[in-house]
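Reviewing the structure listed below.
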Amino acid sequence: MTATLTPPAAGPAASVRAGSVPRRRTRLLALPEVRWAAAATALFLLALPLQLAGAPAWIWGPLYALSYATGGWEPGWEGLKALRDRTLDVDLLMVVAALGAASIGQVMDGALLIVIFATSGALEALATARTADSVRGLLDLAPATATRIAADGSEQTLPVDELAVGDTVLVRPGESIGADGRVLHGASEVDQASITGEPLPAAKGPGDEVFAGTLNGTGALRVRVERDASDTVIARIVRMVEEASETKAPTQLFIEKVEQRYSLGMVAATLAVFGVPLAFGEAFSEALLRAMTFMIVASPCAVVLATMPPLLSAIANAGRHGVLVKSAVAMERLGQIDAVALDKTGTLTEGTPRVVDVRTLPERGLDEADLLTLAAAAEHPSEHPLARAVVDAARERGLDLPAAEDFTSSPGIGVRAVVGGRTVEVGAPARLLAEPEPEPGAEAEVEVEVEVEVEVESECAADAGGDTDGVVAALARELEESGRTAVLVVVDGTPAGVLGIADRLRPDAAASVAALTVLTGTAPTLLTGDNPRAAAHLAAEAGIEDVRAGLLPQDKVGAVRELECAGYRVMVVGDGVNDAPALAAAHIGVAMGRAGSDLALETADAVIVRDELAAVPATVALSRRARELVVQNLVIAGVFIAGLVVWDLAGTLPLPLGVAGHEGSTVLVGLNGLRLLRDAAWKRAAAEGTG
């Protein structure tokens, strides 16, 4: 298999921040299945108009023959190999059916069957290759080299594979961390969304754990390596995705579950219909004609079409409404689920931190607009996600931001700038209240552990030595207990107010959770790498009671396995690299499309292109409607086949009438399945999906 590496449009930092994986894309025509299917289709499209135009058979006949050969040799060969292992493969039966159709003059019908089969195989091969591409590309999240610090203090750049447990590496600002380890010295904020899914960078100091492939912020870190390159969290994600894909139960459509018995029975019955009358003296030609008629009317064409048109129609309808379901198997599985596990950041939430509370201290004489203006002006030069949230909030309110001067940023503490002649500091309440105010231009070295969600202890107020500090601590604690990240604004050395920042719940999240509960009979579970307090608060807003927080990728897989062991068929909905193993391990995986990582999009069985969470229950309801039509079609096909077979065995069924009855049943079940193409089918599913 040939793979190509497509250069990323943005720098590596931007790529990692977005949670994406550099793409290693297999060329379309590098796959032999695609080449053979394309050749068979092209030949069929050349022959069909010539036949319809009344051209001589010697012109279009060879083209059809070549179409049979190019599209049918590979499934035929695989079928023969399966036959050698005493297994009757449906691929071989379809090739035999196509050749049988050609033998009685239905050349075009047989060629069409070959083209459809070859195209299906090509799509399956392409999907498999693209998933493998993304799994391999995940390794590119981790840098190729790292800077090791020797015992004498010298620096050496070497491949990350050569790092050993116990080595000390230097991670400069803006670099990706090259190994799993623990911080020895320095302070910074690390974007580890690719591992934990947390929406905000995590503050890191001495003693904190860091992961390979995560992005360092503005501070320098010295990290002691604690895991080999082959055992990092990123490497384990790759292995988990591969293992989950390999151990997942074989994907089979409903009709394929009875494929062996039906196929063997049809072959045996055809031989009996030919051999028994022949043994009792019937003419060879009459016995052969009866057997050929029997093979045609008993062939599973209508049964196969009973399954595919409803599922394919459901796929097409869902696609028009922003849901990409990758296969008929995936569409069928969507309707089988009875438990749902949801990721938090980027799935239930919008994935972007926003200012949701502005609390001022009245004695400072600043209203909400003044406080937000000063904070946004000071934060404007910063690239921190919290800073962007503050600036965006000011712009949404139409506030004019004055220029900031003497801007400085301290990792884990916050920013400091002069705005309109006033010194403004914005940062973590515990740090700004507890730390002495640094001299202008001085660089403070931080040697303490810093947490993303700052816990403001009650003694902060006493240590700060003032009633204002006590009020600020109470405000910050109130915001943090409600799931917000508290940001303190200090003006001229005195606290002026507190901003509450949170990742906002999607507008349709609560309704979607309620709809999934009704459809499955089980309330969804929340699986997130975020902290328990923020997860619990958001889950309460969405109506979820089962909350599992602080999970690494392997923990999410474990949660899915636990639900499966309890007898559930689990659907996982997520968007990040850290969700990919769970998406692969689940009965069905669904990815959010707009901000979803490449690995999640390739691993998932379905993609919500427009990030409309309400489309998830609607698609589940549509899948269940498709399954209802499949059952209807199987009944129709079974009645036709049984009637024609009895006619052929008990009397004399004319071959043209047998072909007409067989084709008629095929057309009927096909048209019945196409009912799901109508917009009304989606509206009905959406109504069911909203309870």
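Just the heavy atoms: all of them, side chains too, but no hydrogens, waters or symmetry mates, feed the values below.
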Residues which pass side chain to side chain contact (heavy atoms under 4.5 Å, CB included) with Asp508, listed by chain and number, not counting sequence neighbours: Arg506, Ser512, Glu612, Leu613, Ala614
Sequence neighbours excluded, every pair satisfying side-chain hydrogen bond (donor to acceptor under 3.5 Å, both in side chains) that has a member inside residues 369-382: His380-Arg395
Nearest-0.5 Å distance, CG of residue Leu366 to CZ of residue Arg422: 5.5 Å
Under 3.5 Å: donor-acceptor pair, side chain of Asn216, backbone of Gly219: yes
Separation of Thr528 OG1 from Leu348 CG (nearest 0.5 Å): 9.0 Å
Residues forming a side chain to side chain contact (heavy atoms under 4.5 Å, CB included) with Glu396, sequence neighbours excluded: Arg354
Heavy atoms from other residues, nucleotides or ligands near CD of Glu545 exceed 12 (cutoff 6.0 Å): no
Thr347 side chain to Lys344 backbone, donor-acceptor under 3.5 Å: no
Set of residues satisfying salt bridge (charged side-chain N to carboxylate O under 4.0 Å, His left out) with respect to Arg504, sequence neighbours excluded: Glu350
Set of residues satisfying side chain to side chain contact (heavy atoms under 4.5 Å, CB included) with respect to Glu209, sequence neighbours excluded: Arg182, Phe211, Arg227
Which residues share a side chain to side chain contact (heavy atoms under 4.5 Å, CB included) with Leu158, sequence neighbours left out: Arg148, Glu162, Leu163
Working for salt bridge (charged side-chain N to carboxylate O under 4.0 Å, His left out), residues Asp343 and Lys556: CA-CA 9 Å; Asp343 174 47; Lys556 291 189 175 184; 3.2 Å; yes
Check against side-chain contact (heavy atoms from CB on, under 4.5 Å), Thr423 and Asp492: CA-CA 5 Å; Thr423 301; Asp492 291 331; 3.9 Å; yes
